[in-house]
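Index from 1, following the sequence. Both counts, for ligands and for their atoms, begin at 1 and track the order of listing. Just so we're clear, the structure is a prediction, and the values are computed from it rather than from any experiment.
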Amino acid sequence: MSNNIDNLLHEERRFPPSAEFAAQAVGQASLYTDSKKDRLGFWDKQAKELLHWHKPFTRVLDWSDAPVAKWFDDGELNVAYNCLDRHVLEGRGDRVAIYGEGEPGDQRVYTYSELTAEVKRVANVFLSLGVTAGDRIAIYMPMIPEAVITMLASARIGAVHTVVFGGFSADSLRSRIDDAEAKLVVTADGGWRKGKVFPLKPTVDAALEANGGGSTVTNVLVVKRGENEVAWTEGRDIWWDDAKAGVEAEHVAQGFPAEHPLFILYTSGTTGKPKGILHTTGGYLTQAAFTHKNIFDLHADSDVYWCTADVGWITGHSYVVYGPLANGATQVVYEGTPDAPHPGRWWEIIEKYKVSILYTAPTAIRSFMKLGREIPGKFDLSSIRVLGSVGEPINPEAWIWYHDIIGGGKAPIVDTWWQTETGAIMIAALPGVTTLKPGSAQVPIPGVVIDIVDEQGVPQDKNSGGLLVISEPWPAMLRGIWGDPVRFQETYWDKFGDKYFAGDGARYDRDGDIWLLGRVDDVMNVSGHRLSTAEIESALVGNNIVAEAAVVGAADETTGQAVVAFVILKKSHVDDQTPEEASALLRKHVSDQIGAIARPSKVYIVEELPKTRSGKIMRRLLQDVAEGREIGDTTTLTDTGVLSIISAQVH
Ligand code: 6R9
């Protein structure tokens, strides 16, 4: 990435907002001036304007327990009430909340009234299963309306959900269930993907049978979706429809303290074990709603919004569920993949629902670019007026294509930088105010303070780069790593004391706009999803034939980075198979262990790995090899011959 930065900073194209767009924009420049004048006063005002409080707060921020922040902590609210009931009570019950589009083309529409009734019913089901405030619910579902309903029903009763992406393996699911000590699992028989039903319930069964069976889970609630055959454990498994039958759609939402936990979401870190990122309610919902409304210029009574993320990722939490519904938006929830049953599927959906705001990832945009502009060209995309990007830096070529081909040459693109840990967008343009630069995420949102510092923590100025830090607590910030306060402190706070270390490199251009340069730690970004090298390495060495493994992310045209592994086989197993066979077997092994998303694009069987004198694998050099670059500084290597042997094998 860093090699490209000089080119990037020569990107001279500029896209100021049109006068028309600026005039109607929700977010005006005064947001910046107001928040600079009085940052906490600004968030106080947003929290009061955007949310309903069962009990008003009197304190905005308490940072005395740093690095665990408390926002609005003497106030009480109910997240589901904010996303549902109040819209109905204020006369918006007939507005569509969700256009649920199944991959095969089936459609289910929920108005705010219908969604509210359904969430109340499911909340009652949870209560009848003995789930109460503070209990954890694991969610392993396809992208269907029931996933959203489950999350909201959990929030409604003060339970804590942990959504596990439906592509993760039984082992990954089990380790998350165990870490969170989940009482209930909500899943589906299966869901639709690429024209086929992919089973989910069997994976839940396998997860719960692992480790000798005993787990914290007492019930599994199963939505019927794929109609695939499933095994049944009497007494534990319950069909969603049976559980709901005869259950009242009446449930009075109670207020919970603003620091009551809302969800845990697992994300990759620099060591093997995923981190359970903990988010709470009041501050999180304030910033999710604020950013959703202002960054996407939401006019809730006329826009149709579509965020293509799965609820298994943070983007699906903040910008499919909580932000849009808190703002009373109308949105599309699509189950399937972009190319099923035909490569124009997304554009067909935009035409069908007249989507006006689209939020997606650069990896998707690049794969559409490869297929050519003729495909979107067949559909009417004239409803589009705002485009968003998230997950990784968007390269200027993809930006321009997105702008011209999808946005009709006029829709502003907001490139939004944030993380699972930040909970909501942190760096982005305001589309009615900011002059856009393709490739730059641009400026901190109003009310957020970001710096780029050098290794010593010294803030950098225009035209220079370093490490991205967040210098002041923000409302949607993580409140910790579930069950591991020491790791929370070490990962984010030890490096710079009172500033949050994000793990990303960044640079200011001459105007002071921010350009993100990718991760500086051992975390890869594959198709906008974070994967840790350590996690995949530990899956590889978990295979009987493997002695040692090193994993790197290598630049990839479509996915941003691709997983590339270098593996040493155990002497006793070297002759069991050809290197090609070993490579195929290990790719499948990683996919089975972690999920298809982590499957290495290449596994090279090697005899040695480059190591420092202290025995550390030099992944940086392997990355040079994988990317076909000239190999960097090797002076700390024990044996430089190793690299030329590996290089010869790779190219
Ligand atoms: C929301 C999300 C976070 C990491 C983050 C950074 C990268 C996300 C980006 C971006 C450049 C953007 N990232 N958005 N890099 N420009 N607009 O993606 O959360 O899955 O936790 O990943 O993704 O490296 O640190 P998460």
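- Of the N and O atoms on the side chains of D171 and S169, not one donor lies less than 3.5 Å from an acceptor on the other residue.
- The immediate protein surroundings of ligand 1, defined as residues with any heavy atom under 4.0 Å of it, consist of I314, T315, V390, G391, E392, P393, D415, T416, W417, W418, Q419, T420, D504, L516, R519, N525, R530.
- Each salt bridge (Lys or Arg N to Asp or Glu O under 4.0 Å) pair with one or both residues in residues 388-397, not counting sequence neighbours, appears once here: R366-E392.
- With hydrogens and angles left out, the side-chain atoms of D303 and S356 include a donor and acceptor closer than 3.5 Å.
- Here salt bridge (Lys or Arg N to Asp or Glu O under 4.0 Å) pairs that include residues 413-431, with residues two or more places apart or in two chains, are K275-E421, E421-R530.
- Under the ring pair (Phe, Tyr, Trp, His ring centres under 6.0 Å) criterion, W418 pairs with Y319, sequence neighbours left out.
- The local environment of NZ in K462 is sparse, with at most 12 non-hydrogen atoms from other residues, nucleotides or ligands closer than 6.0 Å.
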